[in-house]
2 protein chains.
Amino acid sequence: MSKKALTREAILQQAVRSASQIGISRLTIGSLAGQSGLSKSGLFAHFGSKEALQLAVVQAAQAQFVEEVVKPAFTQPRGMPRLRALFHAWVMRLYGGSMPGGCPLLAAAYEFDDQPGAIRDALVAGQRWQRETLQRLLQDAQDAGELPAGSDVPLLAFMLFGLIQSAHHDHQLLDNHHSAQLALQGFEQLCGTAQAPAIPTTPAT
Amino acid sequence: MSKKALTREAILQQAVRSASQIGISRLTIGSLAGQSGLSKSGLFAHFGSKEALQLAVVQAAQAQFVEEVVKPAFTQPRGMPRLRALFHAWVMRLYGGSMPGGCPLLAAAYEFDDQPGAIRDALVAGQRWQRETLQRLLQDAQDAGELPAGSDVPLLAFMLFGLIQSAHHDHQLLDNHHSAQLALQGFEQLCGTAQAPAIPTTPAT
DNA sequence: CTCAAAAAAGAACGATCGTGCTATTTTGCA
DNA sequence: TGCAAAATAGCACGATCGTTCTTTTTTGAG
């Protein structure tokens, strides 16, 4: 890889970490240059504008999501194993050290939902692809007869994504250490073996 | 009410609308002054600092949530009617014209989750209170035997809040016009009359 | 109506940011 | 090793923002 590409990768890796903490729209070229050991104009030359830099950060974060969540899931057998692997990796990514300030893509969805432009377009495309991937794995599980009878796949994908967001919210804002467990419990209630809705874990009186 | 308080209320009402679109951290005193028909320094004198202004915006948005969502629900009978009224108003608020850019409190949760200070503290307190309110209404419904047997109230509150966030995300970013319907469907599946998990709406083959 | 107090306006400051231009250093091939 | 090209640094400009200080306008009680 050329020197330029290597430097660009290093910049973006640091930028994604910073975006996780302060948000993509609050990235500044100056502080990013300092963290990367470059001068302002040296870093600027890699992207040409701040918006291009922000767009590159979005794409880098999306690529990282695919590497850390989607690809590992596809090493599992089709059906519930693959679906469960995707959901587990998706939830657990919120607790690893790689994103100290939370998922920059979820945050960016709130930052840019009212700001038309290339960044919003990239976010929309990425979120649509995420949802379609989730629905595809759900459909595979349903075709294999591994989901509760009569499950509504789009609704289920909608609810599972809600669990992700709730886990993120409770972890990042409320410091709730049980949020991952709640999300995984919710997944099992919606998709798992508990066909009947929530059998009490303690014997009835 | 004194002139000062009246002007302050008008400023905050406009500020909440702006925060809905651009976020609380991107509010600027200058543009807010223009929208309120005041000068920069005239507006500034009402708050004393930008952080105090942002804190006042958070409190105004929280008060608005109580007025529009919580209080109307408490006019309904305890149990499922009250719970359903709360959830419906909560979802539908995302689609009314009062918050053109989405819920500023949900967005603020992402903006300030890594920024310690009075604003984050106020957001945390407000979200904890929201969750406790939701859990209290769920508990009432469970005590009345109106929830599916063995329902886990904290988990249910966690999942219902996820439905709110998913609806917000799909509406604001993906322009999904069915997102409210999905959230309400999800509510009925989790809390509603469908005790068995999702009876198919179309007759089985 | 008067006039002191409250409210708002106006102007200016230092700081920060994105960006453009030029000089300097570093790279990698001949 | 020499040298053109690529990569980076240095510097400055204009714009924007929060904040302070002073002046002007507006309010409302006596």
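Numbered from 1 within each chain, the chains take letters A, B, ... in sequence-line order.
Inspection of the B:S25 and B:E111 side chains reveals an N or O donor paired with an N or O acceptor under 3.5 Å.
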Show which side-chain atoms of residues 30-42 of chain A pair as donor or acceptor with protein atoms under 3.5 Å away, not counting sequence neighbours.
| from | atom 1 | to | atom 2 | distance (Å) |
| --- | --- | --- | --- | --- |
| A:S31 | OG | A:T28 | O | 3.3 |
| A:S31 | OG | A:T28 | OG1 | 2.7 |
| A:Q35 | OE1 | A:Q14 | NE2 | 3.2 |
| A:Q35 | OE1 | A:S18 | OG | 2.9 |
| A:S36 | OG | A:L32 | O | 3.0 |
| A:S39 | OG | A:G42 | N | 3.0 |

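Following rounding to the nearest Å, A:I11 (CD1) and D:dA7 (P) show an atom-to-atom distance of 12 Å. What separates NE2 of A:H46 from C1' of C:dG18 is a distance of 17 Å, to the nearest Å. With rounding to whole Å, A:R8 atom CZ is found 16 Å from D:dA6 atom C1'.
The side-chain hydrogen bond (donor to acceptor under 3.5 Å, both in side chains) search around A:K71 returns A:E67, not counting sequence neighbours. Listed by chain and residue number, B:Y95 satisfy the side-chain hydrogen bond (donor to acceptor under 3.5 Å, both in side chains) test with B:S179 (two or more places apart in sequence, or in another chain). B:Q130 meets the side-chain hydrogen bond (donor to acceptor under 3.5 Å, both in side chains) test with no other residue; sequence neighbours excluded.
Residues A:Y110 and B:H168 bring their aromatic ring centres within 6.0 Å.
Aromatic ring pairs are classed by plane angle as parallel below 30°, tilted from 30° to 60° and perpendicular above 60°; the pair A:H169 and B:F161 is perpendicular.
Inter-axis angle, ends of the helix from C:dC1-D:dG30 to C:dC29-D:dG2, five pairs per end, rounded to 10 degrees: 20°.
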Nucleotides 9-24 of chain D: protein proximity per nucleotide (B base, S sugar-phosphate only, - neither; heavy atom, under 4.0 Å): BB------SBBB----

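Salt bridge annotation for B:D114-B:R120: absent, with no cationic side-chain nitrogen under 4.0 angstrom from a carboxylate oxygen.
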